[in-house]
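Written out below as structure tokens is the structure these notes cover.
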2 protein chains.
Amino acid sequence: MEKTGDIINRLTEQGYRLTPQRMMVLAAIEKSDHHISAEEIYAQVVAKYPYFNISTVYRTLELLHRLGLVTETDLGGGRVRYHPADKGHHHHLVCQECGKVIDLDESVLDHLKLVLRKDYKFDPDTRHLAFFGRCADCSK
Amino acid sequence: MEKTGDIINRLTEQGYRLTPQRMMVLAAIEKSDHHISAEEIYAQVVAKYPYFNISTVYRTLELLHRLGLVTETDLGGGRVRYHPADKGHHHHLVCQECGKVIDLDESVLDHLKLVLRKDYKFDPDTRHLAFFGRCADCSK
DNA sequence: TTCTTATTTGCAAAGGGTTGCAATAACTTT
DNA sequence: AAAGTTATTGCAACCCTTTGCAAATAAGAA
């Protein structure tokens, strides 16, 4: 499993600077055991370093995502959550009734990916996806 | 095919009022031959009726969507587009390189829907979906 | 046709995210 | 160790959408 140190190496290797802000953002993502939002990261970091600005969170997340170090999950309506890339890929089922989020194994989409590549010559992004609907409990 | 008049009937039957603003929003959606955005609707209506406010567009779209009369397609990053529900369901492939949007027949998702219902007891929403990736031209 | 009242609108403010720009600071070079 | 260079930050403004609230108005009652 990739540690924070490895991510830091990847950054410097590619010519990016190691700023305290980036390290604090990284620490917040690594520490979190769930899919964290930009707001949550901001709240954690600003508590220790009051001058910290939320636009830095967004810019850092965009960088880490571009380098493939974190995944973005668009939960619809503009809500996006982040997750360390090395903690496993998966997709999500979001219940629109109770808000529950169910993890979905990546392999469930293998068939669809195949069809898109074969019939549409379209190479789909492997990023986390969310599907909306109603979970078992709410369908009763 | 359902005409604007039918949609108007559906609104009044359910106790919603027929305001000029709602009729103008409806006309703009029906008239458009593509997936229209809230901004585009607003621009069309405000040209005829300057006092018109964009929050009315959003509230009307939310109502029409709730009643199942228009579909919402979330193209990611908070960009949402609207389409009359009776003009056919389909999903979209969005090329992240050139921006092209390819329509995808709804049946492509049949297999996935089946798996979600069977293995996850999850009833997925039939709304328009967008998948991101790279189209044939950009993959060359 | 007028009165009544609950829905809907317009407005203004706010929420979440993005962007341009000047100042700062991480890394490089000397 | 100091200076130079350029990426990065903080700030403020902006974009798109949502929301609270008082004023306006559509539809039903009288």
Side-chain angles (χ1 to χ4, degrees), chain A residues 7-26 28 35-67 69-70 72-82 96 130, chain B residues 7-29 35-67 69-70 72-82 96 130:
Chain A
I7 293 189
I8 287 174
N9 289 342
R10 293 265 274 280
L11 283 177
T12 47
E13 277 162 21
Q14 308 219 20
Y16 295 100
R17 291 182 184 170
L18 240 54
T19 65
Q21 290 89 335
R22 279 183 182 159
M23 304 227 271
M24 289 188 283
V25 169
L26 263 173
H35 292 65
I36 197 169
S37 69
E39 279 293 330
E40 287 169 340
I41 295 171
Y42 175 68
Q44 277 187 39
V45 177
V46 85
K48 295 188 180 174
Y49 173 50
Y51 291 106
F52 187 65
N53 194 278
I54 195 158
S55 59
T56 300
V57 177
Y58 287 108
R59 285 191 274 228
T60 302
L61 289 171
E62 196 265 324
L63 172 65
L64 295 175
H65 180 238
R66 187 148 38 81
L67 296 179
L69 301 172
V70 303
E72 274 184 11
T73 305
D74 190 337
L75 294 180
R79 289 175 307 150
V80 179
R81 298 195 149 256
Y82 298 86
Q96 290 178 309
Chain B
I7 293 190
I8 288 175
N9 289 340
R10 291 266 274 281
L11 283 177
T12 49
E13 278 163 21
Q14 308 218 20
Y16 294 99
R17 292 184 184 169
L18 241 52
T19 64
Q21 290 88 335
R22 279 182 181 161
M23 304 227 271
M24 290 188 283
V25 169
L26 263 174
I29 298 175
H35 292 65
I36 196 169
S37 70
E39 281 290 331
E40 287 168 340
I41 295 171
Y42 174 68
Q44 277 187 40
V45 177
V46 85
K48 295 187 179 172
Y49 173 51
Y51 290 106
F52 186 65
N53 195 279
I54 195 158
S55 60
T56 301
V57 176
Y58 288 107
R59 285 191 277 229
T60 302
L61 288 171
E62 196 264 324
L63 173 66
L64 295 175
H65 180 237
R66 187 149 36 80
L67 296 179
L69 301 173
V70 304
E72 274 184 11
T73 306
D74 189 337
L75 294 180
R79 289 175 306 150
V80 179
R81 298 196 149 254
Y82 298 86
Q96 290 178 309

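Everything numeric here is computed off the predicted structure, so don't read it as measured data.
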Solution key, residues 44-57 of chain B side-chain donor-acceptor pairs under 3.5 Å, sequence neighbours excluded:
| unit_1 | atom_1 | unit_2 | atom_2 | d |
| --- | --- | --- | --- | --- |
| B:Gln44 | OE1 | B:Lys31 | NZ | 3.4 |
| B:Asn53 | OD1 | B:Ser55 | N | 2.9 |
| B:Asn53 | OD1 | B:Ser55 | OG | 2.8 |
| B:Ser55 | OG | B:Arg59 | NH2 | 3.2 |

Rounded to the nearest angstrom, tell me the gap between atom [atom1] in [X] and atom [atom2] in [N].
X	N	atom1	atom2	result
A:Asn53	C:dA22	CG	C1'	14 Å
A:Tyr58	D:dC11	OH	C1'	16 Å
B:His65	D:dT18	NE2	C1'	17 Å
A:Arg22	D:dA7	CZ	P	11 Å
A:Glu72	C:dT18	CD	C1'	13 Å
A:Asn9	C:dC27	CG	P	12 Å
A:Arg81	C:dG17	CZ	C1'	15 Å
B:Leu61	C:dT9	CG	C1'	15 Å

Self-check item: Nearest heavy atoms of B:His65 and B:Val70, plus distance in Å
Solution: CD2-O, 3.4 Å
Exercise. Give the minimum heavy-atom separation between B:Ile36 and B:Ala28, together with the two atoms involved.
Key: CD1-O, 4.0 Å
Exercise. Under 4.0 Å from any atom of DNA chain D, heavy atoms only: list the residues of residues 38-51 of chain A that qualify, in numerical order.
Key: A:Tyr49, A:Tyr51
Self-check item: Footprint string (nucleotides 21-27 of chain D, 5' to 3'): B base within contact, S backbone only, - free, heavy atoms under 4.0 Å
Solution: ----BBS
Quiz prompt | Residue whose nearest DNA chain D nucleotide is more 5′ - B:Ile54 or A:Leu63 | solution = A:Leu63
Quiz item: Do B:His35 and B:Tyr82 come within less than 4.5 Å of each other through their side chains, counting heavy atoms only?
Solution: no
Quiz item: Are any non-hydrogen side-chain atoms of B:Val80 and B:Leu61 less than 4.5 angstrom apart?
Solution: no
Quiz item: Taking OP1 and OP2 of C:dG10, is either one under 4.0 Å from a side-chain nitrogen or oxygen of B:Thr56?
Solution: yes
Quiz item: What do the steps show when you test B:Leu69 against B:Leu63 for side chain to side chain contact (heavy atoms under 4.5 Å, CB included), and what is the final call?
Solution: CA-CA 9 Å; B:Leu69 301 173; B:Leu63 173 66; over 6 Å; no
Exercise. Please name all residues satisfying salt bridge (charged side-chain N to carboxylate O under 4.0 Å, His left out) with A:Arg81, sequence neighbours left out, ordered by chain then number.
Key: A:Glu40
Quiz item: What pairs with B:Glu62 under side chain to side chain donor-acceptor pair (under 3.5 Å), at least two apart in sequence or on another chain?
Solution: B:Arg66
Exercise. Please answer whether the main-chain N or O of B:Arg17 pairs with a side-chain N or O of B:Arg22 as donor and acceptor at a distance below 3.5 Å.
Key: yes
